[in-house]
Amino acid sequence: QVQLVESGGGLVQTGGSLELSCAASVRTFTIYNMAWFRQAPGKEREFVAAISRTGDIPFFADSVKRRPGISRDYEKTLYLDINNLNADDTATYYCAADDRAGPTPSRVASEHKYWGQGTQVTVSS
């Protein structure tokens with residue numbers, strides 16, 4: 001039983017910042033590599049950022065690499081901090097968990113078994 005609940009989305013002006021959170025209801029949070037994906041209207045779901053189960057291997061999509069931060073804590077929460085938001089960041093953001101064994105997180109959506117319901121981020125001009 002794994003439940004993921006995202007929060008922190010909203011309406012933000014271009015150039016602003018957001019912190020998204022993902023609360024994980026799991027027995028042991030550190031067994032999961034975690035990731036953020038997003039899906040814009042009319043677009044395919046795309047990778048944003050991922051972090052290893054121990055929190056020491058973060059990596060990012062090329063499209064956002066210089067702007068976000070991803071972190072996790074032992075209170076079973078995953079974070080995504082995005083600064084300098086622009087219209088291309090408008091999307092529904094999803095938290096995802098990978099239950100496979102291994103130290104390396106994945107950029108591939110299909111390799112993540114558990115997903116949250118999403119939180120909407122809208123960037124206005």
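All of these numbers come straight from a predicted model, not from anything done at the bench.
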Non-hydrogen atoms of [X] and [Y] that approach each other most closely:
X      : Y      : result
Phe29  : Ala24  : CE1-CB, 3.6 Å
Cys95  : Leu78  : SG-CD2, 3.7 Å
Leu20  : Gly9   : CD2-N, 3.6 Å
Gln120 : Thr90  : NE2-CG2, 4.2 Å
Val108 : Ser106 : N-OG, 3.0 Å
Ile70  : Leu80  : CB-CD1, 4.5 Å

Does the side chain of [Y] come within less than 4.5 Å of [X]'s, by heavy atoms?
X      : Y     : answer
Arg38  : Arg45 : no
Ser124 : Leu11 : yes
Ser21  : Thr77 : yes

Treating Ile, Leu, Val, Met, Phe, Trp and Tyr as nodes and any side-chain heavy-atom pair under 4.5 angstrom as an edge, say whether [X] and [Y] lie in one connected cluster.
X      : Y     : answer
Ile82  : Phe37 : no
Tyr94  : Phe60 : no
Trp115 : Ile31 : no

Please confirm whether the backbone N or O of [Y] pairs with a side-chain atom of [X], one donor and one acceptor, at under 3.5 Å?
X     : Y      : value
Asn33 : Gly102 : yes
Lys76 : Val26  : yes
Asp98 : Met34  : no

**Request:** Applying side-chain contact (heavy atoms from CB on, under 4.5 Å), name anything that partners Asn86, two or more places apart in sequence or on another chain.
**Result:** Arg67, Asp88, Asp89
Are [X] and [Y] linked by a side-chain donor-acceptor pair shorter than 3.5 Å?
X      : Y     : value
Asp73  : Tyr79 : yes
Thr119 : Glu6  : no
Gln39  : Thr92 : no
Arg53  : Tyr32 : no

**Item:** Nearest-0.5 Å distance, CZ of residue Arg72 to OG of residue Ser52
**Value:** 7.0 Å
**Request:** Show your reasoning for whether side-chain contact (heavy atoms from CB on, under 4.5 Å) applies to Asn83 and Asp81.
**Result:** CA-CA 7 Å; Asn83 57 48; Asp81 296 287; over 6 Å; no
**Near-ring test Phe47/Phe59, centroid separation under 6.0 angstrom** = yes
